[in-house]
Every structure is written in structure tokens, then in C-alpha cells.
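Before any comments, here is the structure.
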Amino acid sequence: MKHRHHQSSLALIVAASLLGLSPQAMAKDLHVAYAGSMGTVMDLHLGPAFAKAHNVQYQGEGQGAYGLAHLIAAHKLRTDVFVSITPGPIEVLIKAGLVKEAFPVASTAMCIAYSPDSPYAKDFKEAAEGKVPWYEILQKPGVVFGRTDPKTDPQGQNIVFTFLLAEKYYHQPDLVNKVLGAVENPQQIFTEASLLSRLKSGQMAASSGYLSAVKSLHLPYITLPDQINLSNPAMVKDWYSKVHFTLNVDGKSKTVHTQPLVFYAAVPVDAPDPQLGMAFIHFMTSPQGQTMFKETGYNPPKGDVLK
């Protein structure tokens with residue numbers, strides 16, 4: 001069987017040469033749809049390394065994970081692998097019968113990223129050093145804060161949860177309203193893929209961020225305690241589960257709850273190449289893949305396989 005596969009591969013290479021194509025031009029495509037904050041690790045590290053090792057063409061697409069999940073559920077997007085932040089988007093696909101299991105591949109924490117070029121950079125640096133409360137700097141007149149859409153992106157929900165938890169942790173009632181305004185505040189909301197690049201270019205003073213993505217882009221940031229950064233599954237029962245809020249989705253009120261910041265990878269049942277997709281998940285969880293995650297600011301995976 002192995003010999004026959006070798007002959008088949010050789011025949012493809014010969015056919016490609018007769019057509020004037022390189023063997024690379026005959027390579028398979030690996031399609032990966034991932035949570036938008038993962039652009040650096042996916043497109044610059046994991047994707048190219050896997051493509052080179054397996055002689056395939058890597059094609060990545062980053063967007064808000066809930067938005068991607070709904071596209072996949074509606075059969076408007078076919079991908080070999082879907083990588084989500086938090087279990088929520090995966091659960092959308094499990095419910096739709098399009099995912100049977102998902103594997104934890106990495107984890108992260110919420111943080112506050114800030115622009116090194118804004119007029120408030122010095123203030124945020126002092127907050128990062130613990131000299132002044134970070135939430136007081138965010139309330140200064142003229143400070144523009146950015147975040148993502150809570151209806152389509154888990155990070156958009158997670159920053160609201162972070163502020164709700166901060167109200168309790170720091171005894172700062174009404175902090176959400178003072179800094180974020182309405183949950184769906186169009187003046188603060190940008191796409192996940194553009195949020196940190198806008199911050200880096202100085203279009204805003206500070207933004208929400210996953211520590212992994214912020215480190216990947218070498219942006220300065222303020223670390224937050226475990227009680228509010230959603231990184232610690234052990235705090236779900238006593239802390240994280242104590243907050244929730246409602247969203248208006250398609251004209252209906254929906255209550256959302258916290259979920260720990262774990263990245264999960266799954267192969268949809270309609271994947272163009274499920275074997276290749278599973279091979280990519282194995283690569284992400286391998287020592288080489290985990291080293292790439294670590295070098296780009298991610299923490300090891302936490303939690304169990306989702307089914």
C-alpha cells in the first residue's frame with residue numbers, strides 16, 4: 001500500500017513536470033479559520049512550518065470566532081480546521097452537528113494594551129508598574145479605548161466581563177458605564193483583526209487585548225489579576241461565574257456568561273480535507289507547535305476535550 005502511494009505521488013510529480021508545473025503547484029491546500037487575535041502565531045509560525053513539513057499550501061482566515069462559527073454553521077465557509085477562543089463558538093458547531101470534538105491547544109489572559117505613542121503612554125506605564133490604578137487612567141478625558149463587537153467576537157464579551165469583575169474586585173461600582181459606556185458602544189468597537197494594529201498606529205490610547213496577541217505584536221500592556229483576567233479555570237465557580245450581561249442578537253435578548261480563555265481546535269465534519277486538518281491539530285499540540293505558541297506569548301492549553 002505504501003509502495004503504491006509512492007508510485008502515485010511520483011506519477012503526480014511527472015505529470016506536473018510535463019504540464020510545466022512545479023511539485024509545489026500540485027500541493028494540497030490547508031484551510032484554517034481562526035480567532036482573529038491569532039494572526040501572528042498562525043500566519044507567521046504554525047501555518048508556514050506545517051506547510052513546509054507536509055508540502056501543502058497554507059491558507060489562513062482570521063475573524064471573530066463567533067462570526068466564523070456562524071458562517072461554518074450556515075455552510076458559507078468550509079475549512080479544514082477551526083480554532084476558537086473559549087468553548088462558546090465550538091458549542092455553536094457542536095449544536096449544529098458540524099463538530100464532534102475539539103481539542104485545547106493553548107490558553108491566554110485578558111490584559112489592557114496601550115499605545116507607546118499616545119499622550120497618555122507615561123500614565124499607562126505607571127499603571128503597568130502598579131503606581132496608579134489602570135482604570136483611573138482609562139477615565140481621563142480624551143482617552144480613546146478600543147474593543148471588539150461582543151455579538152460576534154468572544155474578546156468583545158470578555159472585556160465586558162473583565163470590567164464587571166473589576167467593579168467587584170476593586171470596589172468600583174459603575175466602572176463599566178464610566179469606561180465602556182453601553183455594552184454595544186459603536187465608538188469603541190472595531191474588528192478583532194484590526195484592533196491591535198489600530199492601537200499600534202496610535203489611533204487609540206488603549207484597548208482590550210489577549211496577552212498572547214499583545215505579546216506577539218510587542219505592544220506594552222498592563223497585566224490584570226487572575227480574579228478578573230479570565231485565565232484561571234479554578235476561579236470559575238467562586239469568581240468568574242458571578243457576572244453576566246445581556247446582548248440584543250437578531251432582535252432577541254441573550255444572556256452571556258464567562259468562559260475561561262482557552263483556545264480549542266476542531267475539524268468540521270464537512271472539512272475539505274479532514275485528515276490534513278487533524279494532522280494540523282496534532283502539530284499544534286506537538287512539542288514544536290507548543291514552542292511556537294510559547295514564543296508568541298501563549299500559555300499551555302488548559303481544560304479537557306470538548307464533545
Would you check if the side chain of [X] reaches a backbone N or O of [Y] as a donor-acceptor pair within less than 3.5 Å?
X    : Y    : result
S241 : V236 : yes
K200 : L217 : yes
T285 : I281 : yes
T152 : G67  : no
S212 : T108 : no
Q57  : K28  : no
T79  : F82  : no
Q139 : Y135 : yes
Q259 : G88  : yes
Q59  : V32  : no

Minimum heavy-atom separation for [X] and [Y], please, with both atom names.
X    : Y    : value
S231 : Y240 : N-OH, 3.3 Å
R198 : M204 : CB-CE, 3.8 Å
A49  : Q288 : CB-NE2, 4.3 Å
I189 : P150 : CD1-CD, 3.9 Å
A265 : V81  : CB-CG1, 4.3 Å
A271 : D80  : CB-CA, 3.8 Å

Do the side chains of [Y] and [X] get nearer than 4.5 Å, heavy atoms only?
X    : Y    : result
Q155 : M110 : yes
Y298 : T296 : yes
T223 : Y221 : yes
I85  : M38  : no
V132 : D123 : no
Y58  : M42  : yes
F103 : D304 : no
F263 : P104 : no

Taking the six-membered ring of Y66 (Phe, Tyr or Trp), confirm whether the NZ or CZ of K254 is under 6.0 Å from its centre and within 45° of its axis.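 Cation-pi check for K254 and Y66: passes.
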Salt bridge between K122 and E126, side-chain N to carboxylate O under 4.0 Å?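 Answer for the salt bridge query: no.
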Is there a salt bridge (charged side-chain N to carboxylate O under 4.0 Å, His left out) between E129 and K125 once you walk through the steps? CA-CA 6 Å; E129 294 168 351; K125 187 173 185 295; 2.6 Å; yes
Do we see a donor-acceptor contact under 3.5 Å between the side chains of [X] and [Y]?
X    : Y    : result
Y210 : N229 : no
T40  : S216 : no
S194 : S197 : no

Please state whether the rings of F280 and F50 are parallel, tilted or perpendicular, taking 30° and 60° as the class boundaries.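 Geometry flag for F50 against F280: perpendicular rings.
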Below 30° counts as parallel, above 60° as perpendicular, anything between as tilted: where do the rings of Y170 and W134 land?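 Judged by the thresholds at 30° and 60°, the geometry between Y170 and W134 is perpendicular.
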Please say whether more than 12 non-hydrogen atoms of neighbouring residues, nucleotides or ligands are located less than 6.0 Å from [atom1] in [X].
X    : atom1 : value
Q275 : CD    : no
K168 : NZ    : no
D174 : CG    : yes

Here's a test for you: under side-chain contact (heavy atoms from CB on, under 4.5 Å), which of T148, D153, D149 qualifies with K151?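 Only one option passes, and that is D149.
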Determine, step by step, whether L180 and N185 satisfy the side-chain contact (heavy atoms from CB on, under 4.5 Å) criterion, reporting the C-alpha distance in whole Å, the side-chain angles of both residues, the deciding distance to 0.1 Å, and the verdict. CA-CA 7 Å; L180 303 183; N185 180 354; over 6 Å; no
Could you check L138 against F163 for side-chain contact (heavy atoms from CB on, under 4.5 Å), going step by step and ending with a plain yes or no? CA-CA 12 Å; L138 288 175; F163 273 84; 3.8 Å; yes
Between OG of S253 and CG of N248, what distance do you get to the nearest 0.5 Å?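 One gets 7.0 Å once the value is rounded to the nearest 0.5 Å.
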F245 ring center within less than 6.0 Å of F161 ring center: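 So the answer is yes for these two rings.
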Decide yes or no on side-chain contact (heavy atoms from CB on, under 4.5 Å) for V105 and V262, but give the supporting numbers first. CA-CA 8 Å; V105 295; V262 177; over 6 Å; no
